[in-house]
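To start, the structure under review is shown below, and the notes come after it.
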Amino acid sequence: MEPVDRGRLVHPRRRHRRARLLSFAHAAHVSGLALDEVEEVEEVDLTTCDALRAAVGQRVRERFRDPEFTAAALAAELHLSVRSVQALLAEDGRSPAAEIRRARLEFAGTLLARGAAVSDACRASGFSELGTFGRAFRRQYGQAPSSWARAAG
């Protein structure tokens, strides 16, 4: 039995990932799936990877403040699997969870700069626990949320 070159096995999968995503969007379009009836995504054409990325970004911007909004919820709302959304964003070096976290942290930073209390900014930006918020904020901005608020105010 000859040894298998694993490098050759991985490449075709990456090449076909985009085709699988496009085929889903095409199948949804051809089957008459009422994608245009979905309230928040009605203006997005779901026939290309770029359009799918735009739909993901739009949905994140609309829903990031909801603490129950996760990568799984994002995928379900767009009628995709979590893995499909992960693969779609991985082409740009991103992940669904990171995009949601980034939107939450940017919003929290804005609230803190406007004088909001740390706990209020935490909850208003979609974090359900203050400790998780503090760690994520420090990782993103290099300082505690309270320090950020003092520096901005």
Practice task
Identify the two heavy atoms, one from Ala103 and one from Val60, that lie closest to each other, and give their separation to 0.1 Å.
Solution key: CB-CG1, 4.0 Å
Practice task
Using the rule that two of Ile, Leu, Val, Met, Phe, Trp, Tyr join whenever any of their side-chain heavy atoms come within less than 4.5 Å, decide whether Leu80 and Leu89 are in one cluster.
Solution key: yes
Exercise for the section: Check Ala73 against Glu68 and note the closest heavy-atom contact, atom names and distance. Expected result: CB-O, 4.2 Å
Problem - Arg53 and Leu88: CA distance, side-chain angles, deciding distance, side-chain contact (heavy atoms from CB on, under 4.5 Å) verdict - result: CA-CA 7 Å; Arg53 278 189 208 92; Leu88 180 70; 3.8 Å; yes
Handout entry: Glu129 CD to Arg123 CZ distance, which is reported to the nearest 0.5 Å
Key = 9.0 Å
Completion exercise
Nearest heavy-atom approach of Ala152 to Ala113 is CB-CA, 3.6 Å
Handout entry: Test item: Gln86 and Pro96 side chains (from C-beta on) under 4.5 Å apart, heavy atoms
Key = yes
Exercise for the section: Give a yes or no answer on whether the side chain of Arg94 reaches the backbone of Ala90 with a donor-acceptor pair at less than 3.5 Å. Expected result: no
Problem - Side chain to side chain, Pro67 and Phe127, heavy atoms closer than 4.5 Å - result: no
Exercise for the section: Verify whether the ring centers belonging to Phe69 and Phe64 lie closer than 6.0 Å. Expected result: no
Practice task
Take Val118 and Leu130 through the side-chain contact (heavy atoms from CB on, under 4.5 Å) test and state the conclusion after the steps.
Solution key: CA-CA 8 Å; Val118 173; Leu130 195 56; 3.9 Å; yes
Problem - Distance, nearest 0.5 Å, that separates CZ of Arg65 from OG of Ser125 - result: 9.5 Å
Completion exercise
Correct closest heavy-atom pair for Thr70 and Ile100 would be C-CD1, 3.7 Å
Practice task
Could you tell me the separation between the CG atom of Leu112 and the SG atom of Cys122, rounded to the nearest 0.5 Å?
Solution key: 10.0 Å
Exercise for the section: Output yes when a side-chain donor or acceptor of Arg104 lies under 3.5 Å from a complementary backbone atom of Asp66, and no otherwise. Expected result: yes
Problem - Aromatic ring pairing Tyr141/Trp148, orientation class (parallel under 30°, perpendicular over 60°, tilted between) - result: tilted
Problem - Smallest separation among heavy atoms of Ala72 and Val82, with atom names - result: CA-CG2, 3.6 Å
Fill in the blank from the handout: When rounded to the nearest 0.5 Å, the distance separating CZ of Arg59 from CG of Leu78 is 5.5 Å
Problem - N/O donor-acceptor pair under 3.5 Å between Thr110 side chain and Glu106 backbone - result: yes
Practice task
Find the distance between CZ (Arg135) and CZ (Arg138) and round it off to the nearest 0.5 Å.
Solution key: 8.0 Å
Handout entry: Same apolar cluster (I L V M F W Y, side chains within < 4.5 Å links), Leu105/Leu74
Key = no
Handout entry: Taking every non-hydrogen atom, the tightest pair across Gln143 and Phe137
Key = O-CD2, 3.3 Å
Exercise for the section: Start with the C-alpha distance between Gln140 and Arg101, add both sets of side-chain angles, then the distance that settles side-chain contact (heavy atoms from CB on, under 4.5 Å), and finish with yes or no. Expected result: CA-CA 10 Å; Gln140 178 80 21; Arg101 186 179 323 106; over 6 Å; no
